[in-house]
Amino acid sequence: MRNREVAQLLENIATLLEMKGENRFKIVAYEEAARRIESWPEPIEEVWKEGRLKEIPGVGESIASKIEEYLSTGKLSYLEELTKEIPPEVVHLTAIPGVGPKIAKLLYDQLGIKSIEDLEKAIAEQKLRHLPRLGVKSEEKIRKGIEMLKRQSGRMLLGQALPLVEEIIEVIQEKSGVTKISPAGSIRRMKETIGDIDILVASSTPESIMDIFTSLPQVREIIARGTTKSSIVTQEGIQVDLRVVEETSFGAALQYFTGSKAHNIKLREIALKKGFKVNEYGIFRLDNDKRVGGEKEEEIYETLGMEWIPPEMREDQGEIELAQEKKLPVLIEIGDLQGDLHAHSNWSDGVASIEEMAEAALSRGYKYLAICDHTQSLAVASGLSPEEIRERRKEIERWNKKGKGLRLLDGVEVNIMSDGSLDFPDSELEKLEVVVAGLHSGLGQGEEKILRRLEGAMKNKYVQVISHPTGRILNRRDAYQVNREKLFYLARETRTSLEINSQPERLDLSDVDARRARDLGVKLVISTDAHSPSSLDYIRYGVAQARRGWLRKEDVLNTFSLEKLLEFLNCKKKAK
DNA sequence: GCCGTTTTCGGCCCGACTGTTTTCAGTCG
């Protein structure tokens with residue numbers, strides 16, 4: 001999958017064009033095409049080979065031919081042309097917060113700066129303050145920007161951001177008594193990683209809110225403080241933006257600041273065509289400038305003749321069109337889940353006993369929990385032998401006899417070996433109720449080999465679920481080389497479910513992959529892979545990912561009742 | 001450069017904040 005690579009190329013072109021002072025709309029066109037390609041569900045190589053590049057919205061004649069040139073030759077003459085005037089390294093300077101294309105170009109033209117090192121040197125020599133339109137403060141701002149860039153290793157995980165924002169909101173609420181307060185931006189859309197945190201508050205006394213916000217114990221630095229917007233950096237180096245609006249425009253502001261950008265652009269275009277204007281203060285009629293809504297977010301969508309769209313869907317991936325037809329899917333919710341199909345106990349590398357895990361699942365209202373400890377080849381995780389599994393079974397049965405209303409399922413997370421075989425004999429797998437299979441080693445193998453291994457596992461009639469199917473670790477490790485399309489087709493053919501692993505650093509399958517798999521007829525499972533009772537709560541991240549992938553209750557196996565689940569799990573075994 | 005239930009030409013989302021400026025450019029979301 002080279003979508004990200006191609007998108008990056010187009011983004012670089014956009015940045016270079018902006019440096020050159022090209023037509024703004026041309027720049028926007030490249031940015032838009034980059035966004036579209038990055039989130040396109042199919043591999044761009046395939047779309048190109050089938051001559052369908054122009055089916056991607058935002059990709060027209062010109063950009064399609066550039067993608068074609070790049071994919072077929074590995075080169076892009078247009079980009080080479082552009083980088084004759086401005087070296088490609090200069091583009092990287094725009095990664096520094098506060099440095100955009102114009103300043104990057106200025107730094108290069110006037111001081112010959114090409115790298116962050118060059119820039120640091122120039123700042124130390126106080127050279128920036130003498131450049132046109134820059135001064136002492138800009139110099140300092142850029143210095144801090146470099147510091148920030150070096151500190152942050154990519155975007156923070158939703159699993160870090162969400163607890164932080166909930167904590168901050170609780171304090172602001174307590175101290176100010178405001179009732180309308182909400183996360184906005186990518187955190188409200190529950191994206192897997194978050195750049196910075198947005199919070200929106202409705203209040204008629206913004207000064208007092210800003211006082212509370214800027215004096216929170218988490219604050220390390222105040223970047224900006226205005227009457228409607230302030231930004232701080234937390235001790236961990238996370239930027240949090242707070243915006244205060246009047247109560248009457250809270251809904252409009254929430255809609256506006258939740259984004260995504262692409263979603264909002266499309267929405268405002270539709271508004272204009274229908275004779276309305278949408279901004280963060282409300283929705284207005286164009287003819288007489290009369291405000292027709294804005295206190296509630298729903299009013300914006302209703303006025304435009306649409307259903308209210310769940311924040312997780314707001315990426316301009318077709319949700320607006322569905323909302324217009326009033327055909328939005330009913331997305332899955334945490335309450336729909338009847339159980340968790342992948343948890344570990346201290347029989348392998350978990351920290352809690354089977355009973356503790358069972359109690360924790362019971363207190364969360366679950367009807368079943370599959371204990372899927374690692375198997376023998378995974379020695380680092382205390383993988384279990386067939387004998388140990390038989391011993392463990394007694395403990396599981398002991399719990400089930402108590403009849404507490406939570407059924408433990410006897411399971412394993414079996415290891416897929418480098419040749420595609422499993423590290424547990426079929427004769428033992430047959431006795432288990434839930435068999436999850438996953439890759440835990442040899443992740444650097446080539447695409448063909450990885451697919452063969454997964455195929456081997458899926459073709460085993462006892463394997464019901466593939467855990468963390470692409471193996472990615474956010475901010476740390478890319479997914480292993482695997483052709484997603486082929487993987488999904490195989491999963492469907494073999495009636496194997498694929499997991500959405502809820503660990504915040506995994507979230508694997510991703511939103512885009514989960515949606516594609518579902519569309520191809522694969523059943524999904526949302527599991528926590530919990531190694532402790534408290535990590536059963538990671539389920540919220542998995543559900544968020546599923547909602548971002550437009551999954552409905554019926555797409556997810558662990559929304560089934562125990563009876564229906566067991567029936568489904570057994571049907572593959574019986575197939576042949 | 002893209003796109004079309006008003007258009008194959010003429011549009012293309014909108015505002016806050018900052019800093020360096022005397023009215024605005026750049027960045028960001």
Side-chain angles (χ1 to χ4, degrees), chain A residues 10 13-15 17-19 21-36 53-67 78 93-107 128-142 144-145 184-189 191 194-200 206 210 222-231 239-245 249 252-253 255-284 286 316 324:
Chain A
L10 298 174
I13 290 176
T15 306
L17 291 175
E18 204 168 348
M19 287 179 180
E22 260 282 3
N23 177 313
R24 196 167 63 85
F25 299 109
K26 187 168 165 180
I27 296 160
V28 168
Y30 276 99
E31 287 173 346
E32 170 73 5
R35 258 200 310 274
R36 290 294 190 163
L53 282 174
K54 283 168 72 181
E55 282 179 19
I56 300 173
V59 177
E61 198 65 49
S62 170
I63 292 183
S65 74
K66 291 187 175 83
I67 296 172
Y78 184 57
L93 292 177
T94 61
I96 302 166
V99 177
K102 292 285 160 61
I103 290 183
K105 174 81 166 10
L106 180 75
L107 292 172
L128 266 58
R129 59 185 64 182
H130 305 303
L131 294 177
R133 297 204 62 83
L134 295 186
V136 178
K137 286 196 174 175
S138 323
E139 192 177 83
E140 177 58 13
K141 190 177 157 196
I142 293 171
K144 281 189 173 170
S186 53
I187 197 165
R188 182 160 180 251
R189 302 201 313 278
K191 276 198 76 166
I194 309 290
D196 49 35
I197 293 178
D198 290 301
I199 301 174
L200 184 72
M210 292 308 181
I222 299 166
I223 296 180
R225 194 202 148 111
T227 49
T228 64
K229 182 190 167 186
S230 294
S231 299
Q239 183 171 333
V240 185
D241 296 343
L242 181 88
R243 290 179 166 88
V244 182
V245 297
S249 15
Q255 195 291 315
Y256 184 88
F257 291 118
T258 296
S260 66
K261 194 173 170 179
H263 176 91
N264 283 358
I265 289 174
K266 173 84 62 84
L267 206 69
R268 270 173 262 153
E269 278 170 6
I270 290 171
L272 286 177
K273 278 182 195 141
K274 291 189 175 256
F276 295 98
K277 184 178 115 157
V278 177
N279 61 25
E280 60 259 59
Y281 301 110
I283 177 161
F284 302 84
L286 279 178
D316 190 20
Q324 285 179 312

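Residue numbers begin at 1 in each chain, while the letters A, B, ... track the order of the sequences.
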K.L.:
Whole Å only: how far is the CG atom of A:L10 from the C1' atom of B:dC2?
P.N.:
13 Å
K.L.:
Determine the interatomic distance between C1' on B:dC9 and the same-named atom on B:dC14; round to the nearest Å.
P.N.:
25 Å
K.L.:
Donor-acceptor check, side chain of A:S249 to backbone of A:A252, threshold 3.5 angstrom: yes or no?
P.N.:
no
K.L.:
OP1 or OP2 of B:dG15 versus the side-chain N and O atoms of A:N279: is any pair under 4.0 Å?
P.N.:
yes
K.L.:
Check whether any side-chain N or O of A:S138 sits under 4.0 Å from OP1 or OP2 of B:dT20, and answer yes or no.
P.N.:
yes
K.L.:
When you compare B:dT21 with B:dG26, how far apart are their P atoms, in angstrom units rounded to a whole number?
P.N.:
13 Å
K.L.:
Tell which nucleotide pairs with B:dA25, taking only Watson-Crick or G-U wobble pairs whose two distances are both under 3.5 angstrom.
P.N.:
B:dT18
K.L.:
B:dT20 and B:dC28: how far apart are their P atoms, nearest whole angstrom?
P.N.:
16 Å
K.L.:
Round to a whole Å and report the spacing from CD1 of A:I56 to P of B:dC3.
P.N.:
11 Å
K.L.:
Touch check for A:V136, heavy atoms < 4.0 angstrom, all strands: base, sugar-phosphate only, or nothing?
P.N.:
sugar-phosphate
K.L.:
Could you tell me the separation between the CD atom of A:Q255 and the P atom of B:dG15, rounded to a whole number of Å?
P.N.:
14 Å
K.L.:
Mark yes or no for whether A:E280, through its side chain, and A:Y256, through its backbone, hold a donor-acceptor pair below 3.5 Å.
P.N.:
no
K.L.:
Take atom CD in A:E140; do more than 12 heavy atoms of anything else shown fall under 6.0 Å from it?
P.N.:
yes
K.L.:
Among residues at least two apart in sequence or on other chains, which ones pass salt bridge (charged side-chain N to carboxylate O under 4.0 Å, His left out) with A:R225?
P.N.:
A:E207, A:D211
K.L.:
Classify A:K66 by what it touches in the nucleic acid, base, sugar-phosphate, or nothing, heavy-atom distance under 4.0 Å.
P.N.:
sugar-phosphate
K.L.:
Write down the distance between CD1 (A:I270) and P (B:dT6), rounded to a whole number of angstrom.
P.N.:
13 Å
K.L.:
Taking atom C1' in both B:dG1 and B:dT8, compute the distance separating them and give it to the nearest angstrom.
P.N.:
14 Å
K.L.:
For the pair made of CD1 in A:I27 and C1' in B:dC2, what is the distance, rounded to whole Å?
P.N.:
14 Å
K.L.:
Both A:F25 and A:A29 contact DNA chain B. Which one's nearest nucleotide lies toward the 5' end?
P.N.:
A:A29
K.L.:
Under 4.0 Å, heavy atoms only, any strand: does A:Y281 hit a base, just the sugar-phosphate, or nothing?
P.N.:
sugar-phosphate
K.L.:
Look at the side chain of A:R243 and the backbone N and O of A:I199, then say whether any donor-acceptor pair between them is shorter than 3.5 Å.
P.N.:
no
K.L.:
Looking at A:R24, I want to see if its CZ is surrounded by more than 12 non-hydrogen atoms of other residues, nucleotides or ligands under 6.0 Å.
P.N.:
no
K.L.:
Would you say A:N264's side chain and A:L267's backbone share a donor-acceptor pair under 3.5 angstrom?
P.N.:
no
K.L.:
What nucleic acid atoms does A:R225 come within less than 4.0 Å of, heavy atoms only: base, sugar-phosphate, or nothing?
P.N.:
sugar-phosphate
K.L.:
Out of B:dG15, B:dC2, B:dC17, which has the shortest distance to the side chain of A:A224?
P.N.:
B:dC17
K.L.:
Evaluate the salt bridge (Lys or Arg N to Asp or Glu O under 4.0 Å) criterion for residues A:K102 and A:E18: first the C-alpha distance (whole Å), next the side-chain angles of each, then the deciding distance (0.1 Å), finally the verdict.
P.N.:
CA-CA 7 Å; A:K102 292 285 160 61; A:E18 204 168 348; 5.2 Å; no
K.L.:
Just how far, in rounded Å, is C1' of B:dC14 from CD1 of A:I265?
P.N.:
9 Å
K.L.:
Would you indicate what A:E32 reaches in the nucleic acid, counting non-hydrogen atoms under 4.0 angstrom: base, sugar-phosphate, or nothing?
P.N.:
nothing
K.L.:
Go nucleotide by nucleotide along DNA chain B from the 5' end; which of A:G135 and A:T228 gets its closest nucleotide reached first?
P.N.:
A:T228
K.L.:
Along nucleotides 21-29 of chain B, 5' to 3', which nucleotides get a B, which get an S, and which get a -, given that the test is a protein heavy-atom distance under 4.0 Å?
P.N.:
---BSSSSB
K.L.:
Say you pick atom P in B:dT6 and the same atom in B:dC2; how far apart are they, in whole Å?
P.N.:
23 Å
K.L.:
What is the distance, rounded to the nearest whole Å, between atom CZ of A:R35 and atom P of B:dG1?
P.N.:
18 Å
K.L.:
Measure from the side-chain N and O atoms of A:Q239 to the backbone N and O of A:D196, and report whether any donor-acceptor pair falls under 3.5 Å.
P.N.:
no
K.L.:
Quick one: A:E61 CD to B:dT8 P, roughly how many Å, whole number?
P.N.:
19 Å
K.L.:
Check the chi torsion on B:dT7 and let me know: syn if it falls within 90° of 0, anti if not.
P.N.:
syn
